[in-house]
Amino acid sequence: MKALRKYLDKIKPQFSEGGKFSKLHSTFGAFETFLFVPDKVTYKGAHIRDSIDLKRTMSIVVIALIPALIFGMWNVGRQYYVSIGESTDIIKNLWFGFLKVMPIVIVSYVTGLTVEFIFAQIRKHEVNEGFLVTGMLIPLVMPVNIPLWMVVVATAFAVVFGKEVFGGTGMNIFNPALLTRAFIFFAYPSVISGDSVWTYGLTSTSKVVDGFSGATPMANAASYAIDKIPDNFTLFLGNIPGSIGETSKLAILIGASILLITGIANWRVMFSVIIGGVGMTLIFNVFGANPYMQISPLTQILMGGFMFGAVFMATDPVTASQTHTGQYIYGLLIGMFAILIRVLNPAYPEGMMLSILLMNAFAPLIDHYVIESNIKRRLKRATINSKS
Amino acid sequence: MANSTNDKEPIFSVKNLKNLTGPFNLNNPITIQVLGICSALAVTVQMKPAIVMALSVTIVTAFSNLIISFLRNTIPTSIRIIVQLVVVATLVIIVDQVLKAYVYDVSKKLSVFVGLIITNCIIMGRLEAFAMGNKPIPSFIDGIGNGIGYGIILVIIAFFRELLGSGKILGMSVIPPSFYEMGYRDNGMMILPPMALITIGVIIWVQRSRNKSLIEK
């Protein structure tokens with residue numbers, strides 16, 4: 001470690017103003033602060049600078065995503081071997097999944113970071129850390145069969161138009177990882193919907209073991225094949241076809257507890273998303289007009305990307321509401337819209353993505369009205385006091 | 001503004017040329033004045049309708065500018081919008097009938113958007129801002145300039161949308177079949193209106209980063 005520090009200190013002048021590589025200043029800064037905690041201190045005023053900077057915050061989220069990633073890899077292998085009817089062990093599954101998932105992870109990171117570094121160099125900004133998490137989220141919400149070039153196109157689109165045009169990390173109105181998925185969903189619908197995209201190597205004509213369809217629980221529900229939906233315990237463990245990272249609610253809950261214990265993610269949003277989802281399902285249960293509406297709240301929440309969205313996507317601190325009351329409203333509406341879109345529009349089987357993107361757009365408005373009403377309430381109190 | 005001291009101004013004087021070429025770039029009706037966005041989103045899925053639309057708008061803008069400029073001293077101010085609309089509507093109906101007679105398939109694709117040229121803000125804007133205060137020939141040139149400025153953007157958007165959205169240019173496939181075999185897919189989102197808006201955004205972005213004078217403080 002010390003040798004590394006010494007080396008960095010030695011080459012630092014070359015990247016400072018007037019140095020040989022002064023144009024690559026922000027690139028150097030990015031690597032330096034990635035390796036070591038920055039030694040920035042505040043000189044004026046009574047401001048306390050926490051040593052947890054953005055980079056460390058992001059790293060914790062990435063750590064929280066690791067269980068979902070590893071389970072996703074195992075599941076990719078598992079689903080593949082089940083589909084061809086071979087018995088396997090855990091190592092074989094994991095290795096197979098690793099080989100299929102890692103390219104997506106690498107491609108997503110390389111594309112996103114390239115775009116970020118280019119923009120930072122042009123604008124002479126520091127390189128922002130926001131992409132550390134986005135780059136990990138993107139592979140987790142993709143089907144395993146996704147062509148890599150589509151990941152490149154979609155990631156570049158999401159980073160440029162979802163983030164950089166608004167001014168980079170912290171300025172974006174939409175969650176870039178979800179924007180990536182939405183882009184693929186609308187631009188190349190055939191690779192991200194249907195029954196065959198969720199299991200590696202499966203096409204509509206390929207030979208599979210009898211009884212294996214590759215359909216996700218969401219697809220089963222949308223076609224009213226309620227009896228084909230696995231039981232709640234299987235849904236919870238996640239040994240089912242689906243996007244790479246969203247199948248196992250167990251892995252997601254491990255991630256959620258890491259986020260909540262360290263205080264990185266906002267419990268209000270997570271909590272109210274789930275309440276909103278349960279509430280909407282109960283309303284549908286009352287009507288019960290079709291089999292999809294009769295699904296129990298627990299199953300609804302365990303199906304598809306609901307939990308993944310609630311834990312990792314809705315809690316994104318940049319795109320969520322900032323006020324406490326706003327966070328409850330924001331979360332509730334995400335949960336409600338997710339179930340609403342799922343049940344009422346079979347063309348969009350996964351409502352979570354669209355509902356979070358929709359509420360991302362409304363989050364500033366919610367905040368605005370929460371603050372306005374607070375001002376009004378306090379003004380009222382002030383006038384009463386002045387009269388008395 | 002009209003130059004009253006010089007009655008015999010040559011058609012291609014510096015000022016007229018400026019009227020003609022200004023809207024191409026620094027005074028573009030779509031990217032700078034942000035007018036006519038609605039039709040720019042609607043008719044740019046393919047290049048052929050976009051080109052026909054650009055021609056129609058150019059003709060209507062030019063001739064309505066010319067006619068209104070002839071009438072400008074006789075139109076009572078209180079009813080000038082009505083008079084302008086009558087002129088524009090007449091020209092649009094003529095254009096619509098010509099399109100129906102000679103390029104019926106394109107006319108079908110453009111559907112209501114030919115009729116909606118009447119409400120295109122560019123035309124009313126040029127009538128009010130230019131033709132009402134200028135002589136016929138500069139007005140005519142100004143109309144052509146603005147029509148072409150609108151058309152350039154339309155064709156650029158349509159080029160990218162058709163190329164990326166359906167792999168064609170002017171209806172001819174340009175992406176070799178071997179690409180599709182290797183796994184290339186057309187981008188379905190380019191056909192949807194949101195991508196037209198984003199394409200306009202990119203054009204504005206490129207234009208403003210080339211001309212720093214356009215960036216508002």
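Labels below follow one simple rule: chain letters A, B, ... track the order of the sequence lines, proteins then strands, and each chain is numbered from 1.
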_Audit row: B/M124, B/I81, side chain to side chain contact (heavy atoms under 4.5 Å, CB included) steps and yes/no_ = CA-CA 8 Å; B/M124 293 299 285; B/I81 302 281; 3.9 Å; yes
*Do we get A/K100 above A/F98's six-membered ring, with its NZ or CZ under 6.0 Å from the centre and within 45° of the axis?*
no
_Test your reading of the model: is there a side-chain donor-acceptor pair from A/T134 to the backbone of A/P176, 3.5 Å cut-off?_
no
*Using non-hydrogen atoms only, which part of A/V191 is less than 4.5 Å away from chain B: side chain, backbone, both, or neither?*
neither
*With a 4.5 angstrom heavy-atom cut-off, could you sort out which part of B/M190 is near chain A: side chain, backbone, both or neither?*
neither
*Just jot down the side chain to side chain donor-acceptor pair (under 3.5 Å) partners of A/N175, sequence neighbours excluded, or say none.*
none
*What do you reckon, is CZ of A/F337 surrounded by more than 12 foreign heavy atoms closer than 6.0 Å?*
no
*Tell me, side chain or backbone of A/F161 under 4.5 Å from chain B's heavy atoms, or both, or neither?*
side chain
*asked:* Report which part of A/F183 has an atom under 4.5 Å of a heavy atom belonging to chain B: side chain, backbone, both, or neither.
replied: both
*Can you check side chain to side chain contact (heavy atoms under 4.5 Å, CB included) on B/I118 and B/L85, steps first, answer last?*
CA-CA 7 Å; B/I118 300 171; B/L85 270 181; 3.8 Å; yes
Could you work out all donor-acceptor pairs shorter than 3.5 Å where one atom is in chain A and the other in chain B?
unit_1	atom_1	unit_2	atom_2	d
A/W149	NE1	B/G183	O	3.3
A/A187	O	B/G188	N	2.7

*Just checking, is any N or O donor in the side chain of A/Y330 or A/N360 under 3.5 Å from an acceptor N or O on the other one?*
yes
*Backbone of A/E246 reached by a side-chain donor or acceptor of A/S243 within 3.5 Å*: no
